[in-house]
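Reviewing the structure listed below.
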Amino acid sequence: MILNLISLRGSLSKSFLSHFPRKSNPAISLKPFQNPRKCFSWDLSRPTLACYAFDEFPNEVNEENLKGIEFLQLMEHRGICANCQTYTWLLDLCLNSGSLVECKKLHGKILKLGFGNESVLCNKLVDVYFALGDLDGVVKVFEDMPNRSARSWDKIISGFMEKKMSNRVLDLFSCMVEENVSPTEITFGSVLRACSGHGVGIRYVEQIHARIIFHGFQISPIISNPLIGLYAKNGLILSARKVFDNLCMKDSVSWVAMISGFSQNGYEEEAIHLFCEMHIAGVFPTPYVFSSVLSGCSKIKLFDVGEQLHALVFKYGSSLETYVCNALVTLYSRMPNFVSAEKVFSKMQSKDEVSFNSLISGLAQQGFSDGALELFTKMKRDYLKPDCVTVASLLSACASNGALCKGEQLHSYVIKAGMSSDIIVEGALLDLYVNCSDIKTAHEIFLTTKTENVVLWNVMLVAYGKLDNLRESFIIYRQMQIKGLIPNQFTYPSILRTCTSVGALDVGEQIHTQVIKTGFQFNVYVCSVLIDMYAKHGKLDTAHVILRTLAEEDVVSWTALISGYAQHNLFAEALKHFREMLDRGIQSDNIGFSSAISACAGIQALNLGRQIHAQSYVSGYSEDLSIGNALVLHRVDTVRKH
DNA sequence: ATAGGGTTAG
């Protein structure tokens, strides 16, 4: 209707109208055609304004020259007073034209005319200043505002959040609380996002949570979902679960937040379990939840569950989603053969860096460094930029294969691409040189790094361990404690192995006390090395006690003890423990087999030795050198007997 | 408001 009328007016075209904000009420808009001037003072809608301009200034106004401030000047020239609404729309024109100068002029006029108290205008000014990037302007308007409603606070808080200025958001929130303005859902939404962006302490998050409960928002998914994420990111998985359980209306985002929270914190089984619950509850599985739960399956190598999920991915139409496919590629690339991984990968419609990284890391972790490097080349050919993750995987593959030359080439790529200070690339790089026995270069790199990365220190402990240099290892170990770095489950095995190999049981015992002090006495990795150390040095009772305190013993811990018994001629004990290990459903490794065969030789148990040999053969150790040596010994001993 | 890939080990 309006457009028809407008088109009758010739030059007043649609593009002319596009200069004006779209905010028209058709019923009112018809009025100016009867009496534009009268209408102007109390109602200015988009067409009214334009029609007025056309009626009043047919020669002066056209599509090109009409700008907000010029129009205002024309109005003033004609003696017509602009009202509050006029300024609102003029400010909207600034938004479209992007002119900060004009906005400032209008701001000045608004203050001069005494419109500075109008909250509508102030909010609009905040919008425009934000859009034009003048944050000082924003703050100035806000400081001058007389009555700051929750809505105004929300506007400025979410504005700063959009600019990712978490500090400002949290400061503003404190001010808001001080002024006793009740926060809204939107306020809490921004504040929670600021918390995760800024990495604030969990105590602060808990305070915010208390306020959320106080204001009765804990049942809102919009607030509780990010809260779940925040608790999960900080490792407080129980708090996250509590928030999740308190939600009476869980939406799909709530489920994803909780499932990914579990999956990312080492609670993969719980993640899969919760996914099943979600599925039973009839909630539609989004691509988000698939990528999350699949990632959990990859981490704990639950391939069959992953395959079942893959079927669901097809069923629910997520099979073309990049995130989902990437998670599937990761899952399948952890399997011994890469057929499924390559199938998913090649069928992907749009591959990104992560798609390549998933496959590369799979190849790298299974020792196929050439295949991984080939993909690295392919990746560059597809115009995808290899990132820190790519390089870290590749470096790790080169390190484990002793491919120093290729590793060095990657090193220069790292320097060129500016990744030298990435915390993980540094670790992988250092590991490369240590593994390739270039300890000198490794130490040089170590000296150039910042000192707060525990991994680097651990790798240096491995480095000096390789040189059997316990003195230097111990200095490093001491220094990291002085720097306040907390040893982890990688630290203790590294130095303890050196103690074992140089025969420094006293130093080892000293470290054992620290293991207990820091709560690592239940860690299988740490304990297996302790058992090995004590067993090799004849303290078999101590080694035995340590094994018994483990909740979940593994092959390496058992065989460390068994080989200790065998080495100290306690053959019956060795065989007894070998039997017990098998009875517990733990498959032997080569150390276990060779120790048991040696023990058989020791007590001249030919038949048992043959049996164990057959077992080792079935377990795939037919070409193992240590077993071969044990067999030779066995033969010699049994021949000697006859 | 929710998602995928990474360094050190016996």
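In the text below, chain A, chain B and the rest are named by the order of the sequence lines, each starting its count at 1. In this text the structure is predicted, and so the values were computed from the model without any measurement.
Of the candidate nucleotides B:dA3, B:dT7, B:dA9, B:dT7 has the atom lying nearest to any side-chain atom of A:Ser396. Of the candidate nucleotides B:dG6, B:dT2, B:dA1, B:dG6 has the atom nearest to the side chain of A:Ala392. Proximity note for A:Pro221 (side chain, C-beta onward) versus B:dA1, B:dA3, B:dT7: the nearest is B:dA1. Distances from the side chain of A:Asp554 to the nucleotides B:dA3, B:dA1, B:dG10 place B:dG10 closest. Checked against B:dT7, B:dA3, B:dG10, the side chain of A:Ser291 finds its nearest nucleotide in B:dA3. Closest approach to the A:Val256 side chain among B:dG6, B:dT7, B:dT2 is made by B:dT2 (side chain taken as heavy atoms from C-beta onward). Closest to the side chain of A:Tyr288, out of B:dT8, B:dT2, B:dG6, is B:dT2. Of the candidates B:dG6, B:dA9, B:dT7, B:dA9 carries the atom nearest the A:Gln489 side chain, counting heavy atoms from C-beta on. Considering only side-chain atoms of A:Val455, the nucleotide from B:dA1, B:dT7, B:dG10 that sits closest is B:dT7.
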In a table with atom names and distances, give each donor-acceptor pair under 3.5 Å that connects a side chain of residues 270-277 of chain A to protein atoms at least two apart or in another chain.
none

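Rounded to whole angstrom, the span from the CD1 atom of A:Ile562 across to the P atom of B:dG10 amounts to 19 Å. Residue A:Lys466 contributes atom NZ, which lies 13 Å from atom P of B:dT8 at whole-angstrom precision. Going from atom CE of A:Met460 over to atom P of B:dT7 covers 20 Å, rounded to whole Å. Atom P of nucleotide B:dA3 and atom NZ of A:Lys299 are separated by 12 Å, given to the nearest angstrom. In this structure, OH of A:Tyr492 is placed 17 Å from P of B:dG10, rounded to the nearest angstrom. The distance from atom CG of A:Leu312 to atom P of B:dA3 is 21 Å, rounded to the nearest whole Å. Taking atom CZ of A:Phe446 as the reference point, atom C1' of B:dT8 lies 13 Å away to the nearest angstrom. Atom CG of A:Leu192 and atom P of B:dT2 are 10 Å apart (whole Å).
Salt-bridge formation is not detected for the pair A:Lys378/A:Asp382: no Lys NZ or Arg NE/NH1/NH2 atom is positioned less than 4.0 Å from an Asp or Glu carboxylate oxygen. A salt bridge between A:Lys440 and A:Glu444 is present, with a side-chain N of the basic residue lying under 4.0 Å from a carboxylate O of the acidic one.
Between B:dG6 and A:Arg334, a contact under 4.0 Å exists linking OP1 or OP2 to a side-chain N or O. Not one side-chain nitrogen or oxygen of A:Arg497 sits closer than 4.0 Å to the OP1 or OP2 atom of B:dA9.
Among the heavy atoms of the strands, none lies under 4.0 Å from A:Glu426. Within the nucleic acid shown, A:Thr322 comes within 4.0 Å of at least one base atom, counting heavy atoms only. Using a 4.0 Å heavy-atom criterion, one finds that A:Asn458 contacts the bases of the nucleic acid, with or without backbone contacts as well. Counting non-hydrogen atoms under 4.0 angstrom, A:Val524 reaches a base of the nucleic acid. Using a 4.0 Å heavy-atom distance criterion, A:Glu185 is classed as making no nucleic acid contact.
Look at A:Phe490 and the base of B:dA9; the rings do not stack under the cut-offs of 5.5 Å between centres and 30° between planes.
Relative ring orientation between A:Tyr332 and A:His310 is described as tilted, the plane-to-plane angle lying within the 30° to 60° band. In this structure, A:Phe368 and A:Phe338 have perpendicular ring planes: the angle between them is above 60°, well past the 30° mark.
For a distance-only test at 3.5 Å, the side chain of A:Asp422 qualifies as a donor-acceptor partner of the base of B:dG6.
Both the sub-6.0 Å distance and the 45° axial angle are satisfied by A:Lys250 relative to the ring of A:Phe244.
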